[in-house]
Amino acid sequence: MSVDKETVKKIANLSRIAVTEAEADALVPELNNILGWVEQLSEVDCSKVEPMTAVIPNKLRLRDDVVTDGNIRDKVIANAPAAEHGFFGVPKVIE
Amino acid sequence: MSMTESTYRIQGGTGEWEVVIGLEVHAQITTNAKLFSGASTEFGAEPNTQVSLVDAAMPGMLPVLNKECVRQAVRTGLAIDAQINKYSRFDRKNYFYADLPQGYQISQLYHPIVGEGKIEISLDEKDPDAHGKTIGVERIHIEQDAGKLMHDQHPTMSYVDLNRCGVALMEIVSMPDMTSPKEAAAYVRKLRSILRYVGSCDGNMEQGSMRADVNVSVRKPGDELGTRTETKNVNSLRYIQQVIEYEAQRQVDVIESGGDIVQETRLFDPDKNETRSMRSKEDAHDYRYFPDPDLLPLELEDDFIFDCKASLPELPDEKRARYKNVLGLSAYNAAVLTAEHETAIWFEELLETTDEPEKIASSAANWLTSELFGALNKMGLSIEKSPVSPQQAAELLGLVADGTISGKIAKQVFEIMLETGDGAAKIVEEKGLKQESDTGAIEKVIADVMAANEDKVAQYRGGKDKLFGFFVGQTMKAMQGKANPQVVNELLKKTLGPAG
């Protein structure tokens with residue numbers, strides 16, 4: 001598996017990361033190198049091995065359905081650059 | 001079982017087109033707290049007051065799954081005969097939008113909690129068995145809802161309220177088994193009914209607790225599936241049907257004029273009754289899903305699933321069959337009384353007042369669907385808010401059954417009950433509405449009526465048998481409607497003798 005410059009630019013765009021042409025040129029071989037290393041892993045036959053989803057031997061903990069949080073609006077919007085009337089203000093996004 | 005609507009077709013210039021519909025219904029799970037945080041889910045609070053630092057996606061926050069959301073999703077799955085996956089997992093669906101501070105939605109792509117199931121629908125609500133069809137459900141998974149954007153509060157900004165952000169949703173994905181707008185509406189109606197019986201979602205489409213993404217494609221009958229479009233967030237039964245009608249016609253027009261359908265996300269504009277492409281979602285299907293490293297796989301024990309199953313109420317299909325087969329109700333009454341859980345609960349409370357429910361079931365069902373529904377309709381009340389309780393209704397119907405009052409008087413008594421809240425027996429007693437079944441008293445009145453109308457008696461005996469109704473009317477009138485009509489009929493027939 002490998003990526004070309006178009007793919008790099010597309011992924012950058014989807015991730016909202018600004019990437020210049022020169023950076024994209026540099027990223028292509030870099031990413032392909034990484035993909036190459038990862039690909040080496042597929043040389044190992046693990047068709048009979050359960051996929052490991054977490055490194056800790058633990059079970060998912062569940063929470064009771066009780067309201068224990070909220071009513072902290074000031075904290076929630078503390079870092080918002082344009083909060084108004086308790087809302088976050090963002091550049092107009094409309095379809 | 002056949003379905004007349006399966007013949008729904010779009011008439012194009014090149015012939016007939018078939019429509020194929022699949023629905024992804026997002027149903028808000030009824031819980032106190034959110035899917036992964038302890039913030040409240042209550043509707044209508046001040047903006048951003050029901051937001052925890054987890055929902056606001058502050059750095060370092062970790063999601064902890066709400067057990068009730070799991071339980072309700074499993075119960076919903078069991079209610080539609082679906083496979084319950086004892087192993088499921090959460091994935092991140094990555095996209096950027098102002099209503100989603102995490103930058104990803106926690107969802108379940110690869111291992112949903114519920115697998116394939118099915119829902120029986122009907123196009124004829126009055127006789128559901130006559131026009132039934134089975135719609136497959138592909139899966140149900142659990143995911144987070146996003147926040148809410150408001151565009152009309154400020155000239156240059158949109159406002160963001162994150163109260164809804166992180167509320168638990170079930171996404172219920174149907175198979176592309178529907179072929180007409182009516183079938184799609186019947187499916188959503190039935191799904192809503194089941195969710196409300198189960199108690200996993202309140203089904204309130206106006207408040208947005210249930211909304212659908214509508215997938216539509218067209219094809220010539222017998223052809224392979226065409227390319228589909230997905231119209232997002234449609235929030236009423238009427239709009240769902242309008243979207244299908246509009247999209248199907250638009251697609252036929254595009255194809256017949258030489259174009260191709262692009263697989264895309266569209267938006268419904270109810271004011272213009274049209275769908276539009278959402279260009280901003282061009283990359284919408286490029287979500288770069290991956291397992292959420294913050295959450296371990298969800299593993300369910302057999303006991304948990306067993307308890308979920310045991311906690312299910314009798315569901316609408318079973319209930320309808322029992323009303324028909326055991327209680328002897330008409331197909332229509334059985335369907336009407338079971339469509340909404342609240343109606344069935346009310347009806348059953350009424351039946352619980354007797355040891356032999358089969359005896360009163362039919363008359364109670366008729367009374368409920370005509371008298372009670374009529375009154376509630378006029379007052380704009382739902383059945384839970386009925387001013388007359390099931391026990392009070394049973395008292396009223398009991399008075400009719402034992403002949404104390406006639407059906408006609410019962411209507412009058414019911415009206416007084418609605419106004420005053422008094423019991424039926426008390427009203428009958430106080431207003432002297434008790435029916436006269438004493439033959440002696442009635443015979444006396446009949447004799448008076450005949451004496452005052454000798455000419456009509458002669459005409460009747462001369463062959464004008466239509467006059468019988470006149471004598472019934474006069475007798476009832478003289479007794480202020482309180483005579484037992486059956487007794488009046490019998491006695492009149494006897495006294496007048498044969499007509500002609």
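Scope of the values below: all heavy atoms of this structure, side chains included, with no hydrogens, waters or symmetry mates. Per chain, numbering begins at 1; letters A, B, ... match sequence-line order.
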- Query: Given the options Pro155(B), Pro101(B), Gly147(B), Pro291(B), which has more heavy-atom pairs under 4.5 Å with chain A than any of the others?
  - Reply: Pro155(B)
- Whatever's closer than 4.5 Å to a heavy atom in chain A on Arg71(B) counts as neither
- Is it the side chain or the backbone of Ala82(A) that comes within 4.5 Å of chain B heavy atoms, both, or neither? both
- Message: As a quick check of understanding, evaluate ring pair (Phe, Tyr, Trp, His ring centres under 6.0 Å) for Phe268(B) and Tyr239(B), giving each step before the final call.
- Response: CA-CA 8 Å; Phe268(B) 179 59; Tyr239(B) 291 166; 5.4 Å; yes
- Given the options Asp74(A), Asp64(A), Val66(A), which has more heavy-atom pairs under 4.5 Å with chain B than any of the others? Val66(A)
- Task: Check whether Thr156(B) gets within reach of chain A through its side chain, its backbone, both or neither, counting any heavy atom under 4.5 Å.
- Result: backbone
- Any Lys/Arg nitrogen of Lys86(B) or Asp302(B) sitting under 4.0 Å from an Asp/Glu carboxylate oxygen of the other? yes
- Query: Is it the case that Arg92(B) places NZ or CZ above or below the six-membered ring of Tyr104(B), under 6.0 angstrom from the centre and within 45 degrees of the axis?
  - Reply: yes
- Among Val70(B), Val64(B), Asn94(B), Asn163(B), single out the residue with the greatest number of heavy-atom pairs under 4.5 Å to chain A. Val64(B)
- Query: Which region of Leu35(B), side chain (C-beta onward) or backbone (N, CA, C, O), has a non-hydrogen atom less than 4.5 Å from a non-hydrogen atom of chain A, or is it both or neither?
  - Reply: backbone
- Query: Any idea how Phe36(B) and Phe90(B) line up, ring-wise: parallel (<30°), tilted (30 to 60°), or perpendicular (>60°)?
  - Reply: perpendicular
- Name the option with the most non-hydrogen atom pairs under 4.5 Å to chain B; the candidates are Leu62(A), Ile72(A), Asp65(A), Val90(A). Asp65(A)
- Item | Ion pair Asp202(B)/Arg196(B), N-O distance below 4.0 Å | no
- Message: Between Lys34(B), Glu68(B), Gln50(B), Lys67(B), who has the most heavy-atom pairs with chain A when the cutoff is under 4.5 Å?
- Response: Lys67(B)
- cation_pi(Lys93(B), Tyr287(B)) dist<6.0 Å, angle<=45: yes
- Message: Taking Arg211(B) first and then Glu24(B), would you say they form a salt bridge - that is, a charged N and a carboxylate O separated by under 4.0 Å?
- Response: no
- Message: Is a donor from one side chain sitting under 3.5 angstrom from an acceptor on the other, for Asp91(B) and Ser107(B)?
- Response: no
- What residue in Glu46(B), Met157(B), Glu299(B) has the most heavy-atom pairs under 4.5 Å with chain A? Met157(B)
- Bottom line for Leu298(B): the part with an atom under 4.5 Å from chain A's heavy atoms is both
- Task: Let me know if Asn58(A) has heavy atoms under 4.5 Å from chain B in its side chain, its backbone, both or neither.
- Result: both
